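Reminder, nothing fancy here: chain letters follow the sequence lines and each chain counts from 1. On a predicted model such as this, the values are computed, not experimentally measured, just so you know.
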Amino acid sequence: MNTNEPVIEVTDLRRVYGGGFEAVRGVSFEVARGELFALLGTNGAGKTSTVELIEGLARPAGGRVRVLGHDPYTERSAVRPRIGLMLQEGGFPSELTVSETVRMWAGCTSGARPESEALSLVGLTRRAGVRVKQLSGGEKRRLDLALALLGRPEVLFLDEPTTGLDAEGRQETWELVRELRAQGTTVLLTTHYLEEAEGLADRLAILHAGRIAVSGTPAEVTASQPSRISFELPTGYFPGDLPPLDSLGVTGHEVVGRVLRLRTDELQRAATGLLTWAERTGVELRGLDIRSGSLEEAFLRIARDVSERDAATADQAGPAGNAGRTGNAGQAQHSEKEHVA
Amino acid sequence: MSAATVTGTAPAKSTVTAVGRMTSLARAELTLLSRSRATFFAAVFVPLVLPLSLRSTAEDMDLAGSGLSVGTVILPSAVGFSLLFAVYSSLVSVYAARREELVLKRLRTGELRDAEILTGAAVPSVLIGLVQCLVLTAACAALMDVEAPEAPLLSVLGLLLGLAMWPVLAAITASFSRSVEGAQVAAMPLLLVSMVGSGTVVPFEVMPDRLATFCELLPLSPVITLIRGGWAGNLSTYETLGAVATALAWIVLSVFAVQKWFRWEPRR
């Protein structure tokens, strides 16, 4: 048995909707056994469209998908008993109780867990007798998750599993997903909560307009982003009063009211230069915020404009991107140490 | 090949069978049907009450020479109403409701095949239709002196063809709607045409010839023809084969249409 064998293989995947809208435009990635892979993206980026193709719910317009070595669309019966999935919106008859819903689903699932086990996994035991229509949004999500886990799947697809959950429910779901992953379940997760991807994913990809804009481990993606320093200009001072920004390793800046924002790939050098200047001049930098590149930064930049393909944003997925990543790794470490706020 | 290695790691699981899956779905649908009062009432009581209203019409018909009696006019009609209301009309609502609640989409993510989903959901309605037909037959026999059928197999064949055909027609009809209410409207044309033109209210034997020829091609017509013919024993081999062929043609066409056009998700 080769544990490195990809469980999910997606090659140049395309999806075109009836009106000619191309929702997925050549997406490729692999997920290894036991790995948790997150697909991030703004609304309409193509996350769900991509995931539905991998789940075998629709036939791709182009490209190839393999799940556990099979085509999920044409070899549905080979794949389905081994996967579990949760759609973005659960579909359960509103007049059935939670318990009846689980029993119905169990009757359709190979090797189903006992009802009590499925409900206790997601903390719905006490709601077993309640009609689905009376559940809160969060409880419906958890019922959906219980059904996804019913057949002890080898591969789990979670489409925005924590949307609509409160903070506590979200934490519990994350804990459960971590546990499943620890037991060897392969997970493909879509989310628009960045902390969810950062906290759970082994690797992630950010989709934009049907293409993968960035992919890598959360650390790699984060390291590809410039770090930021922002502070309030002291009264009577102007940006021109600072040491030349080039000499600090600052690659860009903007002024919003009294607040100055600096972008840099060399956070330690820029911060040291700035703080030394402040010390020497005897001014206080109010609202000082020094932070290394973040996933949020990466996400917002991609969402804002992908045509502005500067820095390492562009082709992280390719071999060229790998080179860029190793180049940035050292800096990422530095900036973590420097993470004062 | 990756398939072989990955498959090798699959843990042994007890697998569910197609029958098991459909039974599970059918049980849930039965629960849902019992909780939906309006649908339940329409399915169970309308077909039991409607035939009574036909009695006076049937008694006024000029049946001399047609080989029919009041009983053999009403009984097949009653079975027709059962197929139309207990099976067709209620299933149109069921399919539309499950689609709008995204239940069909969710079911398709599991191990159920498409045909199993549609069949499983249809089971309770088909059973109700079947029980109703038996009750109606018994009632007609008891109340209207209907004698034992001349060719019972033809009647049974007609009933079975009807029970196979109407759920499929319901699935197509449901695809022409955007909501449960809309589905009831979408069901009206076929419901009305069938009631007027398929020999339920007016037997073909008493229709003008040209109209009868056209009406015999409607989906409910062969079902009524076979059931009525089975009872009266007045069908020639040619007529029998014609009716069976018409029924089979409708079933094949509808199955094809469902495969091609059935909508599993709401329009957004």
Can you name the nearest heavy-atom pair linking A:Glu100 to B:Thr31, along with the distance? OE2-CG2, 3.7 Å
Under a 3.5 Å distance rule, please check whether B:Arg106 uses its side chain to pair with a backbone N or O of A:Gly90 as donor and acceptor. no
Is the count of non-hydrogen atoms from other residues, nucleotides or ligands lying under 6.0 Å from A:Tyr17 atom OH greater than 12? yes
Quick one: does B:Arg21's side chain have a donor or acceptor within less than 3.5 Å of a partner on A:Trp105's backbone? no
Cut-off 4.5 Å, heavy atoms of chain B, and the answer for A:Glu55 is neither
Between B:Thr109 and A:Arg80, which heavy-atom pair has the shortest distance, and what is it? O-CD, 3.2 Å
Counting heavy atoms not belonging to B:Arg263, are there more than 12 under 6.0 Å from its CZ? yes
B:Phe40 atom CZ, over 12 foreign heavy atoms within 6.0 Å: no
Check the pair A:Arg76, B:Asp114 against side-chain contact (heavy atoms from CB on, under 4.5 Å), reporting the backbone distance first and the verdict last. CA-CA 11 Å; A:Arg76 203 157 127 176; B:Asp114 290 356; 2.9 Å; yes
Can you establish whether the number of heavy atoms outside B:Phe176 located under 6.0 Å from its atom CZ is more than 12? no
Looking only at A:Asp144, A:Thr101, A:Leu150, the option with the highest number of non-hydrogen pairs under 4.5 Å against chain B is A:Asp144
Please indicate whether A:Arg59 has more than 12 foreign heavy atoms, meaning atoms of other residues, nucleotides or ligands, lying under 6.0 Å from its CZ. no
Are B:Val16 and A:Thr109 close enough, and set up right, to give a side-chain contact (heavy atoms from CB on, under 4.5 Å), and what steps lead you there? CA-CA 6 Å; B:Val16 286; A:Thr109 307; 5.9 Å; no
Sort out for me which of A:Ala106, A:Gly107, A:Cys108 touches chain B most, counting heavy-atom pairs under 4.5 Å. A:Cys108
Could you grab the distance from atom CG of B:Leu32 to atom CE of A:Met104, nearest 0.5 Å is fine? 7.5 Å
Does any backbone or side-chain atom of B:Leu107 lie under 4.5 Å from a heavy atom of chain A? Answer side chain, backbone, both or neither. both
Could you tell me which portion of B:Arg108 (side chain, backbone, both or neither) has an atom closer than 4.5 angstrom to a non-hydrogen atom of chain A? both
Do B:Glu101 and A:Ser94 have side-chain atoms, one donor and one acceptor, less than 3.5 Å apart? yes
Is the closest basic N to carboxylate O distance between A:Arg82 and B:Glu111 below 4.0 Å? no
What's the separation between atom OG in B:Ser36 and atom CD in A:Glu95, rounded to the nearest 0.5 Å? 8.0 Å
Salt bridge B:Lys105-A:Glu52, side-chain N to carboxylate O under 4.0 Å: yes
